[in-house]
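We use all heavy atoms of the structure for the numbers below, so side chains are in, but hydrogens, waters and symmetry mates are not. Letters A, B, ... mirror the listed sequences (proteins, then strands); counts begin at 1.
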There are 4 protein chains.
Amino acid sequence: MEEEDLIDELMGAAEKDLTPKQAKILQAAVEIFAEKGYASTSTSEIAKRAGVAEGTIFRHYKTKKELLISIVSPIMLKFAVPFFADKFLNDVFKEENTENLDQLIKKLIYNRYYFVKKNIPLVKILLQEMAFHAELQDKFKQMFVEKVLPRFKEVVEKFKVAEQIKDYPTETIIRLTMTTIIGFLVTRFLIIPDYNWDDEQEIEYTIEFIRNGLKNT
Amino acid sequence: MEEEDLIDELMGAAEKDLTPKQAKILQAAVEIFAEKGYASTSTSEIAKRAGVAEGTIFRHYKTKKELLISIVSPIMLKFAVPFFADKFLNDVFKEENTENLDQLIKKLIYNRYYFVKKNIPLVKILLQEMAFHAELQDKFKQMFVEKVLPRFKEVVEKFKVAEQIKDYPTETIIRLTMTTIIGFLVTRFLIIPDYNWDDEQEIEYTIEFIRNGLKNT
Amino acid sequence: MEEEDLIDELMGAAEKDLTPKQAKILQAAVEIFAEKGYASTSTSEIAKRAGVAEGTIFRHYKTKKELLISIVSPIMLKFAVPFFADKFLNDVFKEENTENLDQLIKKLIYNRYYFVKKNIPLVKILLQEMAFHAELQDKFKQMFVEKVLPRFKEVVEKFKVAEQIKDYPTETIIRLTMTTIIGFLVTRFLIIPDYNWDDEQEIEYTIEFIRNGLKNT
Amino acid sequence: MEEEDLIDELMGAAEKDLTPKQAKILQAAVEIFAEKGYASTSTSEIAKRAGVAEGTIFRHYKTKKELLISIVSPIMLKFAVPFFADKFLNDVFKEENTENLDQLIKKLIYNRYYFVKKNIPLVKILLQEMAFHAELQDKFKQMFVEKVLPRFKEVVEKFKVAEQIKDYPTETIIRLTMTTIIGFLVTRFLIIPDYNWDDEQEIEYTIEFIRNGLKNT
DNA sequence: GATGAATGAGTCTTCATTCAT
DNA sequence: TATGAATGAAGACTCATTCAT
């Protein structure tokens, strides 16, 4: 379950070559954008928190919006794509093993669970800002339609053919599944993060809920 | 299923005594807040769209934030409370009839479905701005805990006792149910409103999904 | 020789209804633009000299450039058009009197002399900024071609037909005449205004120079 | 009529020892200053067009203004001084031949004509920026008074004594002559360069105009 | 010598809010 | 009650200049 930490990656902890200043700017921007939203965040505040002159921000990002996008774009990819681009899923299919519905859902939830857990501020920004920036929505939709949806459909249909799940329209099944998973993650990490969560148990219930909700009887 | 139109109500079409100018201000504010968010909306734009002078806004609302709150507060109540403050539910209990799980869920979904359908911009504002304004969150949580949760728990426990639904923790059941309903509404009205929805069918599937997901077997 | 004072007019001393603040802004802008040029003048400096908040400037002029144009446009008209839109000229023609070459040139020079004398800063701005703003150039050319040139040509050709002036190309005659007049005014008011000028004498010489320069012999 | 190309000279194509980078900086600066004016030109733009780092400019010129002056100063000299520092003129006098008024004016015009033609951007900068920088004005006046005026006066007076030109004040004669020449050049190269000019003809007319304008009759 | 990241003062412009009318 | 001119603080962004490499 080694899931990368996106903020680190964003800041080139390993690969990219950002100046330390640029890294600090990104970090500060992520923090404050998550706290108060892009529109209510001033570049001067970002500069202050990053310990950098305001002009420095604009040396690295032509506009404030470019800074936002350079934060949101990577999360978008990392958040959505692996929903079904995981090796595990490939394995499932290779094995022609369709009895693993439970395993599959579990894998799915845990994978995204760890991702969100490690990237709460980024996910917050993603959800919050997508509402206001049409470009982000478009980017997201395109990516979703191209990379996530086709594979998701494939899987669902396989299970439908195997008569393991109900014969609902594929889109409906996808919607119900994603909604339940994302609903859990949002509740867990964004809405009531301070609740006394027993994550494993809760995930267990959620898996069962989905499985029973879709099970062909 | 006569569900009130909140915007009308907000503007006192009937009861409150708003000046026509004030009504126009509210309407304009709702439109623009929903489109671009509170923080990115200028009072001058609201004034322009409302056809009033900038000063007029501040005659009715001391600050821009007060204007936001005067919009969001009522929705919050109307959105959340009826989740379980409906007469129908009272009836269900009075009749000591616990076999109506299906009916209950259906009632629940349809009730909120019509509400959201009639109040999309307001719901958008509610969801978007709650992320940024702690006061709104607090207000919401308080209201939820006081007015919605207790009744919801009561119902769930009744069904648990009647062994109609699984013995999950009550909070988990509530979470799964609300998550699925809200997930549907958000997808339906905010994320992909342009999709070619067959609402009745989709609601039917959603009800089944919840019922099967929770059914005690 | 009652020539209006353009700055007063600009500021609506008589006709237009500018706020006093707006008048002060215009006056300050004219002063500073003339002194240091549009590009080197900051709106904050204009505001300070006008005794006004910086924001007030932008209530009246959407941008700094609009402020410039609202200053330059009127001068352009007033400076160029009367070059040959004067009643005197009409009279000259009506009388079918073409012996008045001297009178005509004299009228021309004096008319523009008083105009420039009263509007030095505005003329400075006009000359200086036209070099940098293509829009101003275009506006000027259009106006010149439509309103000044045709009448000027008409006059010149009349004198050519009457054999009072040389048979140079009309455009050349116009160029030589305007160049000499404008050259005098620029030298007199912009380049060496502090020289001990005997204006009447100098104008007399200039008239003679033009007349002899063009005289058909 | 071998007139040097000032830009080349400025950049030390031959004599001075500029690094190639420095040459590129000068060239870029001249281009952009001429296009949009000193005040509206950013050093970063100069650096970009010159293909050097921003810092490099300041290695060669302490300030942006120093860069301007290092461009304008040489033109000032080259533009004004030869107005009467030409060998031809010396010859005229040596020969005690004062009948060459025509020849003199012709020489004068052509000399400056070729100069301006080869150095349009530099002349543009000179004219445009002199309006805004008192230092440039002072430098120019000093140079004019010391180097140009005395010789010009000498010549004019010689012709006055020989009764070849009118007995106007010497300054007036100089003003009328220069005004007409410069007026031609400015019209020809800066104001309407795209007009279909027949330069030789036009110069011929201009010479005649000056000669007749000043001729003693 | 050349670089280019960093600076912070300064630029134009916006905005919520006030107040005299 | 309604207006809209006026405000000045704050916003995003630019720019000449410096300096460590």
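Using a 3.5 Å distance cut-off with no hydrogens or angles, the side chains of B:His133 and B:Lys65 do pair a donor with an acceptor. Side chains of C:Tyr61 and C:Gln22: a donor on one and an acceptor on the other come within 3.5 Å. In summary, the side chains of C:Glu54 and C:Thr43 do present a donor paired with an acceptor at a separation below 3.5 Å, with no hydrogens or angles considered.
Using a 4.0 Å cutoff on non-hydrogen atoms, the parts of residues 46-61 of chain A near DNA chain F are A:Glu54, A:Gly55, A:Phe58, ordered by number. The stretch residues 32-45 of chain A has no heavy atom under 4.0 Å from DNA chain E, so no residue of it qualifies as close.
Between D:Lys65 and the phosphate of F:dA16, there is no side-chain N or O to OP1/OP2 separation shorter than 4.0 Å. Listed pair A:Lys64 / F:dA12 meets the phosphate criterion, a side-chain N or O lying under 4.0 Å from OP1 or OP2. Distances shown here put a side-chain N or O of C:Lys21 below 4.0 Å from the OP1 or OP2 atom of F:dT7.
Counting only heavy atoms from C-beta outward, the side chains of C:Val30 and C:Gln27 never approach each other to under 4.5 Å. Looking at heavy atoms from C-beta onward, B:Val72 lies out of side-chain contact with B:Lys139 at the 4.5 angstrom threshold. Contact check for A:Thr19 versus A:Thr56: no side-chain heavy atoms found under the 4.5 Å cut-off.
Counting to the nearest Å, the C1' atom of E:dT11 and the CG atom of C:Leu68 are 17 Å from each other. Distance NZ (C:Lys24) to P (F:dT7): 11 Å, rounded to an integer number of Å. Following rounding to the nearest Å, A:Glu66 (CD) and F:dA12 (C1') show an atom-to-atom distance of 14 Å.
Base-pair partner of E:dG10: F:dC13 (Watson-Crick or G-U wobble, both distances under 3.5 Å). When both distances must be under 3.5 Å, the Watson-Crick or G-U wobble mate of F:dT7 is E:dA16. Remark: E:dT21 base-pairs with F:dA2. Criterion, Watson-Crick or G-U wobble with two distances under 3.5 Å.
Using a distance-only test at 3.5 Å, with no hydrogens or angles considered, no donor-acceptor pair links the side chain of A:Ser40 to the main chain of A:Gly37. Listed for the B:Lys64 side chain is a donor-acceptor partner under 3.5 Å among the backbone atoms of B:Thr41. Checked by atom type and distance alone, the side chain of B:Glu129 pairs as donor or acceptor with a backbone atom of B:Tyr38 at under 3.5 Å.
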